[in-house]
K.L.:
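Just passing along the structure, written as structure tokens.
Counting from 1, the numbers follow the sequence of the chain as shown.
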Amino acid sequence: MKGVLTTVLATPCSGSLIIPVLTWAAAQPTPIVFATFIAMGLGMGSPYLLIAFFPNLIKALPKPGAWMETFKQVMGFILLGTVAWLFNSLQNKYIVPTIALIFSLWFGCWWIGRISITASSMQKFKQYATGLGLTAALAFVTFRFFLPMEHGWETYSPQRLAELTEQGETVLVDFTADWCATCKANEKLVLSRESTQEYLNENGVRVLVADKTNDSPEIDQLLTELGNAKVAIPYYAVFHGQSPPVVFDGLLTQRFLFDKIKQAQEPSLQVSRVEPAAQPN
């Protein structure tokens, strides 16, 4: 109950009770600041002080027992509920990396908890060091892998694709989704590389992102028209003017991507003899 009271008092919003008090106290002379904090400390510690002065009050407290383990676990679920609530404050792009980070912490705690209470100090140190190292490594990978990259690419729409192709532009349509692990691997390992970005820019390739994270009839219709009857992703299509698009799927390599773009641009390349600005690795 003291924990519940502390949470209510310290809730960081306009309805809290402690924040206005601390804001007021910070502007007061030093004796008043100390007096305010001492009063708060005495107030929060009053149950313990009261029992210290009147030990018989201990009889009114619940007796220790097996129920405490169940109570602890129930409180754990309530704490998880607060975690779910705090996800409201996150931007969408941080939700998946944060969940992955939480699982990394969970794994680290599980690993540390496997050590026996009778283990030597060196064994415990190794277990803690390994758990912390694994957690840090997993956390680093999750934010590197799951955090969306900022490319400045345009969002796909039938109107925008038609407009660019009518202008004779080369357009790479990236069919992707946040839940598609292969899509994310292609994005991190190939599409987001600096050399890939240079190649796309210097060869006039515009990128449209067709995001299937949520259902999109327009995107599914284009996939079907391109011959992808199962509307499976990852899937890529390179349009160049009014020429038939070049389509491909699966895991990408930089060389394979460049070859497909060159294949789509071949008519113009034969006339202008423009060479790729960056060689694929």
K.L.:
Give the minimum heavy-atom separation between Thr142 and Pro97, together with the two atoms involved.
P.N.:
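Where Thr142 meets Pro97 most closely, the heavy atoms are OG1-O, 4.2 Å.
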K.L.:
Consider only side-chain N and O atoms of Gln242 and Thr165, and report whether a donor and an acceptor are under 3.5 Å apart.
P.N.:
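No.
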K.L.:
Assess the residue pair Gln127 and Gln123 against the criterion (side chain to side chain contact (heavy atoms under 4.5 Å, CB included)); give the C-alpha distance rounded to whole Å, side-chain angles, the decisive distance to 0.1 Å, and a yes or no.
P.N.:
CA-CA 6 Å; Gln127 195 81 355; Gln123 289 175 320; over 6 Å; no
K.L.:
Is any side-chain heavy atom of Gln28 closer than 4.5 Å to a side-chain heavy atom of Thr36?
P.N.:
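Contact flag for Gln28/Thr36 side chains = no.
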K.L.:
Do Leu42 and Tyr48 share a hydrophobic cluster (ILVMFWY, side-chain heavy atoms under 4.5 Å, transitive)?
P.N.:
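No, Leu42 and Tyr48 fall in different hydrophobic clusters.
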K.L.:
State, with a plain yes or no, whether a side-chain heavy atom of Thr98 is found less than 4.5 Å away from one of Leu90.
P.N.:
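Yes, close enough: below the 4.5 Å cut-off.
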K.L.:
Look at the side-chain heavy atoms of Ile, Leu, Val, Met, Phe, Trp and Tyr, link any pair under 4.5 Å apart, and say whether Ile99 and Val83 land in one connected group.
P.N.:
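They do share one cluster, since a chain of ILVMFWY contacts under 4.5 Å joins Ile99 to Val83.
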K.L.:
Can any side-chain N or O of Lys124 pair as donor or acceptor with the backbone N or O of Ile117 at less than 3.5 Å?
P.N.:
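Confirmed, Lys124 side chain pairs with Ile117 backbone.
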K.L.:
Tyr236 versus Asn186: any side-chain heavy-atom pair under 4.5 Å?
P.N.:
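Yes. Closest side-chain heavy atoms under 4.5 Å.
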K.L.:
Are side-chain N/O atoms of Glu163 and Gln159 paired as donor and acceptor at under 3.5 Å?
P.N.:
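Distance-only check fails for Glu163 and Gln159.
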K.L.:
Is it true that atom CD of Glu194 has more than 12 heavy atoms of other residues, nucleotides or ligands lying nearer than 6.0 Å?
P.N.:
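No, not enclosed.
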K.L.:
Can you tell me how far CG of Asn201 sits from CD of Glu198, rounded to the nearest 0.5 angstrom?
P.N.:
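Between atom CD of Glu198 and atom CG of Asn201 there are 8.0 Å.
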K.L.:
Hey, could you give me each pair passing disulfide (SG to SG under 2.5 Å) that has a residue in residues 152-245? Not counting sequence neighbours.
P.N.:
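Counting only pairs at least two positions apart or across chains, the disulfide (SG to SG under 2.5 Å) contacts touching residues 152-245 are Cys180-Cys183.
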K.L.:
When Ile, Leu, Val, Met, Phe, Trp and Tyr are grouped by side-chain heavy atoms lying under 4.5 Å apart, directly or through other members, which residues fall in the same group as Val173?
P.N.:
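Direct or chained contacts put Val173 with Tyr156, Leu161, Leu164, Val171, Phe175, Trp179, Leu208, Ile219, Leu222, Leu223, Leu226, Val231, Ile233, Tyr235, Phe239, Val247.
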K.L.:
Does any non-hydrogen side-chain atom of Phe54 lie less than 4.5 Å from one of Leu57?
P.N.:
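Side chain of Leu57 against side chain of Phe54, heavy atoms only: contact under 4.5 Å found.
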K.L.:
Determine, using the 4.5 Å side-chain heavy-atom cutoff (strictly less than), whether Val96 and Leu138 are members of one ILVMFWY cluster.
P.N.:
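No.
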K.L.:
Indicate yes or no: at least one non-hydrogen side-chain atom of Val238 is less than 4.5 angstrom from one of Phe248.
P.N.:
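SC-SC contact between Val238 and Phe248 confirmed.
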K.L.:
For Gln254 and Ser195, what are the C-alpha separation, side-chain angles and deciding distance, and is it a side chain to side chain donor-acceptor pair (under 3.5 Å)?
P.N.:
CA-CA 9 Å; Gln254 198 177 54; Ser195 55; 2.6 Å; yes
K.L.:
With sequence neighbours excluded, give me every ring pair (Phe, Tyr, Trp, His ring centres under 6.0 Å) pair touching residues 105-133.
P.N.:
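The answer is Phe103-Trp106, Phe107-Trp110.
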K.L.:
Hey, does Ile261 have a side-chain heavy atom less than 4.5 Å from the side chain of Asn203?
P.N.:
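No - every pair of side-chain heavy atoms lies 4.5 Å or more apart.
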K.L.:
Atom CH2 of Trp153 and atom OG1 of Thr176: how far apart are they, to the nearest 0.5 Å?
P.N.:
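Going from the CH2 atom of Trp153 to the OG1 atom of Thr176 covers 9.5 Å.
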K.L.:
Atom CG in Leu189, atom OG1 in Thr196: separation rounded to 0.5 Å?
P.N.:
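Rounded to the nearest 0.5 Å, the CG-OG1 separation comes to 10.0 Å.
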K.L.:
Membership question, hydrophobic clusters at under 4.5 Å side-chain separation (ILVMFWY): are Val74 and Phe77 in the same one?
P.N.:
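No, separate clusters.
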K.L.:
Decide yes or no for Lys126 and Met122: does some side-chain heavy atom of the first lie under 4.5 Å from some side-chain heavy atom of the second?
P.N.:
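With C-beta onward as the side chain, the pair touches.
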K.L.:
Taking a hydrophobic cluster as the set of Ile, Leu, Val, Met, Phe, Trp and Tyr residues connected by side-chain heavy atoms closer than 4.5 Å, whether directly or through intermediates, do Met75 and Met68 fall within one such cluster?
P.N.:
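Yes, same cluster.
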K.L.:
Tell me every residue that passes salt bridge (Lys or Arg N to Asp or Glu O under 4.0 Å) with Lys260, counting only those two or more places apart in sequence or in another chain.
P.N.:
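For Lys260, no residue satisfies salt bridge (Lys or Arg N to Asp or Glu O under 4.0 Å) once neighbours in sequence are set aside.
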K.L.:
Keeping to residues at least two apart or across chains, list the salt bridge (Lys or Arg N to Asp or Glu O under 4.0 Å) pairs with something in residues 26-46.
P.N.:
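Sorted pair list comes back empty.
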K.L.:
If you link ILVMFWY side chains whenever their heavy atoms are less than 4.5 Å apart, which other residues fall into the same cluster as Leu86? By chain and number, please.
P.N.:
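Other cluster members: Trp85.
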K.L.:
Which other residues end up in the same hydrophobic cluster as Trp24, if Ile, Leu, Val, Met, Phe, Trp and Tyr are linked when side-chain heavy atoms come under 4.5 Å apart?
P.N.:
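Under the 4.5 Å side-chain rule, Trp24 groups with Ile32.
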K.L.:
Main chain of Leu191, side chain of Gln197: is a donor-acceptor contact present, judged purely on distance under 3.5 Å?
P.N.:
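Between the backbone of Leu191 and the side chain of Gln197 there is a qualifying donor-acceptor contact (under 3.5 Å).
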K.L.:
When rounded to the nearest 0.5 angstrom, what is the spacing between CZ in Phe258 and CG in Leu252?
P.N.:
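One gets 11.0 Å once the value is rounded to the nearest 0.5 Å.
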K.L.:
Would you indicate whether the side-chain heavy atoms of Val205 and Gln265 approach each other to under 4.5 Å?
P.N.:
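Side-chain contact under 4.5 Å: yes.
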K.L.:
Quick one: CD1 on Ile78 to CD on Gln73, what's the gap to the nearest 0.5 Å?
P.N.:
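Result: 12.5 Å between the selected atoms.
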K.L.:
Provide the closest heavy-atom pair for Leu101 versus Ala139 in the form atom of the first, atom of the second, distance.
P.N.:
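Between these two residues, the closest heavy atoms are CD1-CB, 3.3 Å.
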K.L.:
Any disulfide (SG to SG under 2.5 Å) involving residues 188-260? Give me the pairs, sequence neighbours left out, ordered by first then second residue.
P.N.:
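As it turns out, there is no disulfide (SG to SG under 2.5 Å) pair with a partner in residues 188-260 once direct neighbours are skipped.
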K.L.:
Share the residues that join Phe34 in a hydrophobic cluster, the rule being Ile, Leu, Val, Met, Phe, Trp or Tyr side chains under 4.5 Å apart at the heavy-atom level.
P.N.:
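Under the 4.5 Å side-chain rule, Phe34 groups with nothing.
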K.L.:
Do any pairs count as a salt bridge (Lys or Arg N to Asp or Glu O under 4.0 Å) and have a residue in residues 63-75, sequence neighbours left out, and if so which ones?
P.N.:
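Non-adjacent pairs meeting salt bridge (Lys or Arg N to Asp or Glu O under 4.0 Å): Glu69-Lys72.
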K.L.:
With sequence neighbours excluded, what pairs up with Glu218 under the salt bridge (Lys or Arg N to Asp or Glu O under 4.0 Å) test?
P.N.:
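Result, salt bridge (Lys or Arg N to Asp or Glu O under 4.0 Å) vs Glu218: none returned.
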K.L.:
Go through Asn228 and Asp249 one step at a time and tell me if the side chain to side chain contact (heavy atoms under 4.5 Å, CB included) criterion holds.
P.N.:
CA-CA 10 Å; Asn228 187 344; Asp249 59 9; 6.0 Å; no
K.L.:
Any side-chain hydrogen bond (donor to acceptor under 3.5 Å, both in side chains) pairs touching residues 204-215, not counting sequence neighbours?
P.N.:
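Matches after skipping sequence neighbours: Glu154-Arg206, Asp211-Thr213, Lys212-Asp220.
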